[in-house]
Amino acid sequence: QQEILDQWWAPKPFESRTKVMDFKVGGRRFYAMVSPDGQENWSLQQYTSITPKTNFKYTSVFADKDENPFWPGSEWDLNFSEQNGITRVSISIYNESQERMLKMIEMGFKEGFTMTLTGLGDLLASLKK
């Protein structure tokens with residue numbers, strides 16, 4: 001649900017703002033990472049495979065505000081499993097080249113995604129209360 005994703009799918013102090021969310025094979029999520037000064041950086045996720053409760057895959061690309069993608073993108077593969085009542089998420093990200101991966105690292109992807117996952121942990125902890 002886009003309302004839940006928008007609560008955590010951005011490293012603080014950025015915010016996630018979803019414009020379109022259609023979680024089905026062939027569907028998409030179009031959203032912006034919004035900086036504290038209001039700058040929007042758009043991304044498009046196109047869902048390629050969904051197996052309820054265990055896996056989904058999508059292609060992720062940067063885009064302009066009119067949903068025109070900037071290729072190439074990356075392929076994401078998210079797997080979910082349960083161990084002793086705890087859900088484990090394994091995320092694999094594939095890029096077409098080492099050059100693109102190095103560019104993502106330079107842009108701060110590792111630090112930003114780590115902060116994003118921390119935001120998910122915080123959200124889940126608040127829901128348990």
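- Nearest heavy-atom pair, K24 versus Y47, reported as atom, atom and distance to 0.1 Å: O-CB, 3.3 Å.
- Taking each heavy atom of N55 and S49 in turn, the nearest pair found is OD1-OG, 4.2 Å.
- Atom OG of residue S35 and atom CG of residue N41 lie 7.0 Å apart, to the nearest 0.5 angstrom.
- The two residues K19 and K65 come nearest to each other via the heavy atoms NZ-O, 4.2 Å.
- Shown here for G73 and W71, the closest heavy-atom pair between the two residues is N-CE3, 3.9 Å.
- Both L120 and F56 belong to a single network of hydrophobic side chains, linked directly or stepwise wherever heavy atoms of I, L, V, M, F, W or Y lie under 4.5 Å apart.
- In the hydrophobic clustering of this structure, M115 does not group with V89; members are Ile, Leu, Val, Met, Phe, Trp, Tyr whose side-chain heavy atoms approach within less than 4.5 Å, directly or through other members.
- Side-chain atoms of D64 come within 3.5 Å of backbone atoms of D66 as a donor-acceptor pair (strictly under, hydrogens ignored).
- Of all heavy-atom pairs between N95 and S74, the closest is OD1-CB, 3.2 Å.
- Atom CH2 of residue W8 and atom CG of residue L117 lie 6.0 Å apart, to the nearest 0.5 angstrom.
- Residue pairs meeting the ring-ring contact (aromatic ring centres under 6.0 Å, His included) criterion with at least one member in residues 106-129, sequence neighbours excluded: W9-F113, W76-F113, F109-F113.
- Note on I4 and V20: separate hydrophobic clusters, where clusters join Ile, Leu, Val, Met, Phe, Trp and Tyr whose side-chain heavy atoms are under 4.5 Å apart, directly or indirectly.
- Smallest separation of non-hydrogen atoms from S16 and A10: N-CB, 3.7 Å.
- If you chain together hydrophobic residues whose side chains sit under 4.5 Å apart, F80 and L123 fall into the same group.
- Heavy atoms of other residues, nucleotides or ligands lying less than 6.0 angstrom from CD of E3 number more than 12.
- T116 contributes atom OG1, which lies 5.5 Å from atom CE of M33 (distance to the nearest 0.5 angstrom).
- By the rule that hydrophobic residues join a cluster once side-chain heavy atoms approach within less than 4.5 Å of another member, V34 and M107 end up as members of separate clusters.
- T59 and E75 are linked by a side-chain donor-acceptor pair at a separation below 3.5 angstrom, with hydrogens and angles left out of the test.
- For F70, the CZ atom sits in a packed shell: over 12 heavy atoms of surrounding residues, nucleotides or ligands are nearer than 6.0 Å.
- Rounding to the nearest 0.5 Å gives a distance of 11.0 Å between CE of M101 and CD of E106.
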Inset, instruction - Please test R28 against E67 for salt bridge (charged side-chain N to carboxylate O under 4.0 Å, His left out), starting from the C-alpha separation and ending with a verdict. - result: CA-CA 11 Å; R28 72 195 193 287; E67 209 169 330; 2.3 Å; yes
Inset, instruction - In sequence, state the C-alpha distance, the side-chain angles, and the governing distance for R29 and L5, and then conclude on side chain to side chain contact (heavy atoms under 4.5 Å, CB included). - result: CA-CA 10 Å; R29 177 178 182 226; L5 279 171; 3.8 Å; yes
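- Crowding of Q1 atom CD: a count of heavy atoms from other residues, nucleotides or ligands under 6.0 Å not exceeding 12.
- Here the OG-CG distance, from S60 to L44, works out to 8.0 Å after rounding to the nearest 0.5 Å.
- E96 pairs by the side-chain contact (heavy atoms from CB on, under 4.5 Å) definition with P72, R100, not counting sequence neighbours.
- For CG of N84, the number of neighbouring non-hydrogen atoms (other residues, nucleotides, ligands) closer than 6.0 Å is 12 at most.
- F30 is linked by a ring pair (Phe, Tyr, Trp, His ring centres under 6.0 Å) to W42, counting only residues two or more places apart in sequence or in another chain.
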Legend entry - Residue pair I50, F23: steps toward the side chain to side chain contact (heavy atoms under 4.5 Å, CB included) verdict: CA-CA 9 Å; I50 299 172; F23 187 68; 3.8 Å; yes
